[in-house]
Every structure is written in C-alpha cells, then in structure tokens.
There are 2 protein chains.
Amino acid sequence: MPSRDIAAKELAKAFSVLSHPDRVRIIEELGSGEKDVNSLRAVLGVSHSRTSQNLAVLRTNRLVTERRDGRHVFYRLSQPELAGWILEGLRFIEGDLQASEARLSAFEEARQKWSGEPASELLVTNRD
Amino acid sequence: MPSRDIAAKELAKAFSVLSHPDRVRIIEELGSGEKDVNSLRAVLGVSHSRTSQNLAVLRTNRLVTERRDGRHVFYRLSQPELAGWILEGLRFIEGDLQASEARLSAFEEARQKWSGEPASELLVTNRD
DNA sequence: CAATCAGATGCAAATATATGCATATATGAA
DNA sequence: TTCATATATGCATATATTTGCATCTGATTG
C-alpha cells in the first residue's frame, strides 16, 4: 500500500477517535487535570458502561493514560500538546465563515474551555 | 440539551468529516492547488462515485469550494492551511510509539509528497 | 484472618443506528 | 449524443448503546 494511503488511513483513524461527542467532552474535561471514571461519568451524564467504553477507545489510541489508585482509575491526557493542535485546527475546520451558527458557537465554546489553565492539579500534586 | 453537549456534538461532527481516508487524501491533494474531480479520482484510484460522494461531504461542510469551468468542476480548499495542519497531526500518531518502522517511513514519504509547494496556481492563474 | 460484601471499572453479546460503497439514474454543458 | 459530475437507492459493514456479567479492590463482619 502506497505511503499516502497509509498516512491518510492513520490520520482518518485518528480523527474518527475524536468524532464522538462523549470522547470530545472527556478530552475537554481532562484538559483541566486528571479525573476518575466516575466523575467523568457524572459530568457527562451517561451510563458508566458508555463512559468506560469511550475511555477505552481513547486509551487504545493512546490519547489518554490511566493511573490506578485503589478502586479508582484516573485518566489524563497523554499528550497535552494534542489539545493545542486541535485548538489550532478549529479555525480551519470551520471552513469558510458561513459555517452554521451552531458550529461556530460550538467552536467558540471549545476554544474558551480548551485554552483554559492547563490543569493546576497536574502542575502541583501528581501524588502517587 | 445543555450547550456543552451541543458544542461537543458539533465538534465531533466536524471531526467526523475528516475521518475518512479519501477525504483526508483529497484535502492533502488540494493542498497543492485546485484540481478537478477526475484528476482527484485518478490520484486516489477510486471510483468516480466514491470521489464525488466524498467531495460532497467536504463541500456540504464547507471545507472545499467548487468552481465550474465548462464540463469540469474544480475544487479547492476553503482554508488552504487546512492541509498543512492535518499533516502536522502525523507527529502525534508517531508520538504514541508502537508505530512500526514501515509505518514511520510511510509517514515520512507521505509528508514529502504532500508538503509540496502550496499552489502556485492559486497565486497566479485563477482564470475563470 | 478468612469469608463475604459493595463499589468502581472493564468487557461481551445483542440490538440499534450510522456510514460507506456500488449500481443505476439524473443533470448540465459542449 | 457524449463527457464530466452529481445524486438516489439499496445493501454491507462499522460503530454506538444498552444490558448483564466479570473482575478487582477495599471494607466489614464473624
């Protein structure tokens, strides 16, 4: 398989990991520091199984890493720079300026949340 | 539905537009200037229907714009920087190692082929 | 110190839904 | 009519969601 096919396939796969609302939200939440499965579940307001399975997708694709502490499993972003890259891309993805209102405001909201302070927790504690 | 949910959904949908190998390839090919449907079809080596349908997805989401010239329809990126941005994303895929040797060199090769000069055509001609 | 129990999470099978693709058909320009 | 492209339809595959069960860990009880 030609190199460009391989690269395109990998890129597409990477994007498909990001193309699920729950996973987007998880990344968003983890942007401000590690969280355990149950708090993610609570914030997202979805079933534990759904939370767990979407975390599995992120984990399998190495977007997050886990840390076990007792009965709880804490997740964090494995490549914080990734969030920055995504952030940059938003303005290209929104295409020309006539993208739908919904999408534009969604991007705006994401920009604000994602560019926020990078996890006080990550900087200070990191106790394990 | 809370605005965060809406936002996450929009973001996810935006990413899903990029989560198909053909569409990634189209974007990268258009990175070096506008092309008509049939040359895209030829480069990708897929059916015309498939080409057209994936172009439709990109068009609907305003990532590309069309220009008709006689019987031919030329496509170009709405935001030319999009191609380069996606290409940068390769490094995150490489980043989470376990990427095989073969894959790494495929990435390298793809990078070279895709990072060609950014469309002299866009700068000069634009004849229509 | 077992033995047991409950909380937190993972995993699997079944079903629902979405997406991709090829074939066929339609449009629009020369 | 023919060429270039677009769209519709139906089927196959993939992805998501729920339900139920398994596992692991820490706490409790006897």
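In what follows, chains are A, B, ... by sequence order, proteins preceding strands, each numbered from 1.
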I'd like to know if B:R4 pairs up with A:E29 as an ion pair, taking the criterion as any Lys NZ or Arg NE/NH1/NH2 lying under 4.0 Å from an Asp or Glu carboxylate oxygen.
no
I'd like to know if the side chain of A:Y75 pairs up with that of A:R67 as donor and acceptor (distance under 3.5 Å, no hydrogens or angles considered).
no
Is there side-chain contact between B:D36 and B:V73, with heavy atoms separated by less than 4.5 Å?
no
Residues B:K13 and B:E10 bridged, charged N to O under 4.0 Å:
yes
A:V43, A:V57: one ILVMFWY side-chain cluster at the under-4.5 Å cut-off?
no
Residues B:R91 and B:E94 bridged, charged N to O under 4.0 Å
no
OP1 or OP2 of C:dA8 sitting under 4.0 Å from any side-chain N/O of A:Y75?
no
To the nearest Å, give me how far apart CZ (A:R68) and P (C:dG7) are.
16 Å
Measure from CD on A:Q53 to P on C:dA13 and round the result to the nearest Å.
12 Å
Whole Å only: how far is the CZ atom of B:R71 from the P atom of C:dA29?
11 Å
Taken to the nearest whole Å, CG/B:D69 to P/C:dG28 is 17 Å
Taking the inter-plane angle between the rings of B:W85 and A:W85 on a 0 to 90° scale, is it parallel (under 30°), tilted (30 to 60°) or perpendicular (over 60°)?
parallel
Go nucleotide by nucleotide along DNA chain D from the 5' end; which of B:E66 and A:R23 gets its closest nucleotide reached first?
B:E66
Here the distance between atom P of C:dA8 and atom CG of A:L40, to the nearest Å, is 14 Å
Within residues 42-50 of chain B, find the residues that approach DNA chain C with a heavy atom at under 4.0 Å, and present them sorted by residue number.
B:S47, B:S49, B:R50
Students should find that the nucleotides of DNA chain D closing off the region near chain A, any atom under 4.0 angstrom from a heavy atom, are D:dA16 to D:dA27
Just to be sure I understand the rule, does A:R41 reach a base, reach only the sugar-phosphate, or reach nothing, if contact means heavy atoms closer than 4.0 Å?
nothing
Go through the side-chain N and O atoms of A:S105 and A:E109 and say whether any donor and acceptor fall under 3.5 Å apart.
no
Residues A:I86, B:F15; criterion side chain to side chain contact (heavy atoms under 4.5 Å, CB included); working and verdict
CA-CA 10 Å; A:I86 293 175; B:F15 284 123; 3.5 Å; yes
